[in-house]
Amino acid sequence: MSADLHLHTNFSDGTYTPEELAAHGRRHKLRAMALTDHDTVEGCARMSAACEKEGIEFIPAAEFTAELDGMELHILGYFLDCTHERLLKELAKFQAVRQNRIHEICAALQKIGVPLQAEAVFQLANCRAPGRPHVGRALVKAGLCRTLDEAFERFLKKHRPAWVPKFKMSAADAMELIHASGGLAVLAHPALNRSDEVIPGLVADGLDGIECFHTKHSTATSEHYLMIADQHRLLITGGSDCHGMSKGKPLIGTVKIPYQHVERLKERVRDIKQKAIFAKAAQDSALAN
Ligand code: AMP
Ligand code: ZN
Ligand code: FE
Ligand code: FE
């Protein structure tokens, strides 16, 4: 009875289709899966159908690119209403900026004599939320780099010639948007931020949970964040952050969390909905009197 709550498909920078990802989930005997593509919920409808076919519980989600005090943070939004108008409008903005960034990255590459066309990246990415991994894969495909790692090392990572900063929403705005669309806001892979100082501020701004279990967290790191979760009364999540075959071996199955954490998340969503219903009823009766 386990769950993987951090997964990507080819609707962002993963390589698996939703159907392939759900099939892997069944092979790893997952009871629940959340799709957390970067800045998009477009894959959720297909993932939901694929999970239903495989007998797996599906949680609609996304990984929002956010920032706080100049630090890039990833905020996971769980149980999002994928038809929420404002959510879709905000995500469309993110996607437009991501597409524009591909043009900027390719222009920077061309300036240093690397002849990669943005069109080649868009063709390979075939999604609305393209990112650096797609540029890296296109460089490999065109024979301009041997590996994805080489592409990042030579061109794409920070301070390299084709690095272009990404649009980020403030962490507070991302959490507000997640809450407005019915979801829970969770800080992704906190150890990758290299600082826990941001956590109390995020909690004050409405953070609901923290990703204690992640591929890049050691056992000691996970225990550290479990303690922080306890301190701030935060929900606990975790997942493999599988991007399919993009990094050689697929990560799905390597991080599984007990299903009880999913139950806690669902209880919280139910509580919030119930409170909203009570608040609305109180408001209506106040207006009637
Ligand atoms: P972007 O959202 O376009 O800035 O790209 C971020 C993505 O690039 C994340 O999914 C990372 O896992 C991936 N990434 C970052 N550094 C590397 C690297 N050195 N090799 C391969 N992928 C990377
Ligand atoms: Zn990614
Ligand atoms: Fe992330
Ligand atoms: Fe991720």
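Numbering of ligands and ligand atoms starts at 1, following listing order. Counting begins at 1 with the first residue of the sequence.
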Presence of salt bridge, Lys280 and Asp284, under 4.0 angstrom
yes
Considering non-hydrogen atoms of the protein only, which is the closest contact for atom 22 (N) of ligand 1, and what is the distance?
Phe152 CE1, 3.3 Å
Which of the ligand 1 atoms, numbered from 1, are nearer than 4.0 Å to a heavy atom of Gly131
3 (O)
Looking at His243, which atoms of ligand 1 are within less than 4.0 Å of one of its heavy atoms?
10 (O)
Looking only at side chains, do His28 and Asp4 share a donor and an acceptor under 3.5 Å apart?
no
Can you tell me which residue and heavy atom of the protein come closest to atom 8 (O) of ligand 1, and the distance to 0.1 Å?
Pro133 CG, 3.4 Å
Could you identify the N, O or S atom of Glu63 positioned closest to the Fe ion (ligand 3)?
OE2
To which of Arg137, His38, Arg132 does the heavy atom nearest atom 6 (C) of ligand 1 belong?
Arg132
State whether Glu104 and Arg101 are salt-bridged, where the test is any N-O pair (Lys NZ or Arg NE/NH1/NH2 against Asp/Glu carboxylate O) under 4.0 Å.
no
Between Gln99 (side chain only) and Arg128 (backbone N and O only), is there a donor and an acceptor less than 3.5 Å apart?
yes
How does His8 reach ligand 1, if at all, at less than 4.0 Å between non-hydrogen atoms: by side chain, backbone, both, or neither?
neither
Under a 4.0 Å N-O cut-off, is there an ion pair linking Glu57 with Lys266?
yes
Distance filter under 4.0 Å to Asp149 heavy atoms, resulting ligand 1 atoms:
19 (N), 20 (N)
Does ligand 1 have an atom under 4.0 Å from some heavy atom of Arg98?
yes
Evaluate Asp13 for polar contact with ligand 1, using N/O atom pairs at a separation under 3.5 Å.
yes
Tell me, please, if His189 has any N/O/S atom, main chain or side chain, under 2.8 Å from the Fe ion (ligand 3)?
yes
Quick one: look up the protein heavy atom nearest atom 12 (O) of ligand 1 and list residue, atom name and how far away it is.
Lys247 NZ, 2.7 Å
Angular separation of OD2 (Asp13) and NE2 (His243) seen from the Zn ion (ligand 2), to 10°
110°
Please work out whether any backbone atom (N, CA, C, O) or any side-chain heavy atom from C-beta onward of Lys166 is under 4.0 Å from ligand 1, and answer side chain, backbone, both or neither.
side chain
Do you see a donor-acceptor pair shorter than 3.5 Å between the side chains of His84 and Glu90?
no
Do the side chains of Glu67 and Lys166 get close enough for a salt bridge, i.e. N-O under 4.0 angstrom?
no
Is a donor from one side chain sitting under 3.5 angstrom from an acceptor on the other, for Thr219 and Ser222?
no
Please confirm whether the ring centroid of His189 lies under 6.0 Å from the ring centroid of Tyr225.
no
For the Fe ion (ligand 3), the closest N/O/S atom belonging to His74:
ND1
Would a distance-only check, ignoring hydrogens and angles, find a side-chain to backbone donor-acceptor pair under 3.5 Å from Asp81 to Thr83?
yes
Should His134 be listed as contacting ligand 1, given a heavy-atom distance under 4.0 Å as the test?
no
Can you say whether the rings of His8 and His6 are parallel (under 30°), tilted (30 to 60°) or perpendicular (over 60°)?
tilted
At under 4.0 Å between heavy atoms, is it the side chain or the backbone of Arg101 that contacts ligand 1, or both, or neither?
side chain
